[in-house]
2 protein chains.
Amino acid sequence: MGSAENSSKGSKGSKGVERKSHTQIAIDEIKRLIIENELPAGSSHLESELAEKLGMSRTPVREAALILETLGLLWVRPRHGIQVRPITPGDMNEIYLIVSELEGLAAQLAAERKLDDADLATAQKAIDDMDLALEHDNREQWAAADEVFHRELLRLSGSERIAKLVETYNNQVKRIRNYTLHLRPSPVQSNEDHCKLLKAIRRSDAAAARAIHTEHRNRARILLVALLEKYKFN
Amino acid sequence: MGSAENSSKGSKGSKGVERKSHTQIAIDEIKRLIIENELPAGSSHLESELAEKLGMSRTPVREAALILETLGLLWVRPRHGIQVRPITPGDMNEIYLIVSELEGLAAQLAAERKLDDADLATAQKAIDDMDLALEHDNREQWAAADEVFHRELLRLSGSERIAKLVETYNNQVKRIRNYTLHLRPSPVQSNEDHCKLLKAIRRSDAAAARAIHTEHRNRARILLVALLEKYKFN
DNA sequence: AAATTTTTTAATGCATACGTAATTTTTAGG
DNA sequence: CCTAAAAATTACGTATGCATTAAAAAATTT
């Protein structure tokens, strides 16, 4: 579900900084609090609490909560507060199944667009960064570059809708990914996949691009679901 | 995207009818007005107008608008009102690409669940209804049964998330589908596809189920996009 | 007449008020 | 001590009020 406007209104106009509505601030801030686990999964918070915390009235907090509920990040449970939606292993599996498909489709679309090396420069840079991070065994750096790569892939697909959708689902699992970052085996395979994918896109081999990426994500799915079941973060 | 709560709260509890919030009424009603084309694509409506029309204050209308914007049905354009989002041929193509993937995945998941004839009874009934409707050349009846079939397929996949997502996107294009219903060729091929799909699910052939359905939807995509380009409904 | 400035209008964003109903606490009874 | 009824609390749903500021209209200047 993606909206055309909600996730990130432009921040600066020609002169001065654009004014951000309280509702938008609430959306961004509550999202951040959830992703960075400052509001733990399953925890509940009254509208008035969050309003006070964010220094605004209940109205924009309510509006933000309704939007974030629609985006799957929380549940609004009248008189029990706004509850951070936990991710079960089953949820994780479902989300990754969906993301695998959508990113696979994105890879296919990107390959069909006959992109040249210039178009793929950012993606290539992200791959290089990941290699570098791997050498230094720096997981955070690797994860940052990985995120750039996946975001870039979605941009290259040319489909705004797919990009929004995947972003929405990624937000739902980002919290867990932070936990598992250091529990996963070294992502050497990942880097190989990325290289192969980029090559397939470069030679406009849509079927291969798609297959490689779907498979790439499915491996991640199985791995993460297993970790989630083992360590039970939520 | 999909929320766990927004689209349809249960309507009746053990005693009496459950009270529906004004916000929920606004969501349902505005959605209906858009899908049934009573609010034409591209038209704008002030919060106060809709509030009056629905017999409530601006507050619940605002909340509904934000949710429906997140669900992709409209745009909130401050001081220009709430605008019904038009569907361009490009949008249609994108939406059908996404739905093809997701329903294909749903078909695969359904096939993997080893369902028996009893589980598939509703789907089979829908197919029979479609055949009947075809014989009488009744398009509306056919469309209704087709909708039942697709909804049932999603239910059989066991994935709440996929079901919600597809429903969201279907809502975005339902308006167009109504227009084109009588412009399309007789959906004989469709019925064959449905039969083949159900058989594949019955024998738990996940790959086949998936391929059949994705292909089925892709044919519909090409057809509808062509119609949309030809007749320019929006 | 076109362009620019000033004035007017009014839609929105947000805070606030308040009735209602759900929840919690208290009290009474077993 | 446990259960059930009564009372108190309070979170929410919704309406309303109002300052802000974008848009429209009017007035003024080129």
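Protein chain B touches strand DNA chain C; the 5'-most and 3'-most nucleotides with an atom under 4.0 angstrom of its non-hydrogen atoms are C:dA11 to C:dG13.
Atom CG of A:Leu66 and atom C1' of D:dG13 are 11 Å apart (whole Å). Atom CZ of B:Arg62 is separated from atom C1' of D:dT14 by 14 Å (rounded to the nearest Å).
A pairwise comparison of heavy atoms in A:Ser159 and B:Glu94 identifies OG-OE2, 2.6 Å as the closest pair.
Side-chain contact check for A:His182 and A:Glu140: at least one donor-acceptor pair (N or O, by modelled atom type) lies under 3.5 Å.
Sorted by first then second residue, the side-chain hydrogen bond (donor to acceptor under 3.5 Å, both in side chains) pairs that include residues 51-60 of chain B, not counting sequence neighbours, are B:Glu47-B:Arg58. Within the structure, salt bridge (charged side-chain N to carboxylate O under 4.0 Å, His left out) contacts touching residues 221-230 of chain B (residues at least two apart or in different chains) do not occur. Identified under the salt bridge (charged side-chain N to carboxylate O under 4.0 Å, His left out) test for residues 150-159 of chain B, with sequence neighbours left out: B:Glu147-B:Arg151, B:Glu152-B:Arg155.
A salt bridge is defined here as a Lys NZ or Arg NE, NH1 or NH2 lying under 4.0 Å from an Asp or Glu carboxylate O, and A:Asp119 with A:Arg113 fails to meet this definition. With respect to the salt-bridge test (charged N to carboxylate O, under 4.0 angstrom), the residues A:Asp129 and A:Lys125 qualify. Of the charged side-chain nitrogens involved, none lies within less than 4.0 Å of a carboxylate oxygen, so that B:Glu167 and B:Lys164 do not count as a salt-bridged pair.
Every salt bridge (charged side-chain N to carboxylate O under 4.0 Å, His left out) that A:Arg217 has, sequence neighbours left out, goes to A:Glu103. Residues satisfying the salt bridge (charged side-chain N to carboxylate O under 4.0 Å, His left out) test with B:Lys114, not counting sequence neighbours, are none. Taking A:Glu101 as the reference, A:Arg210, B:Arg210 meet the salt bridge (charged side-chain N to carboxylate O under 4.0 Å, His left out) condition, with sequence neighbours excluded. A:Asp146 is linked by a salt bridge (charged side-chain N to carboxylate O under 4.0 Å, His left out) to nothing, counting only residues two or more places apart in sequence or in another chain. A:Thr214 is linked by a side-chain hydrogen bond (donor to acceptor under 3.5 Å, both in side chains) to nothing, counting only residues two or more places apart in sequence or in another chain.
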Interface polar pairs with nucleotides 6-9 of chain D, N/O, under 3.5 angstrom:
none

I'd like a list of close polar pairs between nucleotides 19-22 of chain D and the protein, N/O only, cut-off under 3.5 Å.
unit_1, atom_1, unit_2, atom_2, d
D:dA22, O4', B:Arg79, NE, 3.3

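If you check residues 41-60 of chain A against DNA chain D, the residues with a heavy atom closer than 4.0 Å are A:Leu46, A:Glu47, A:Arg58, listed by number.
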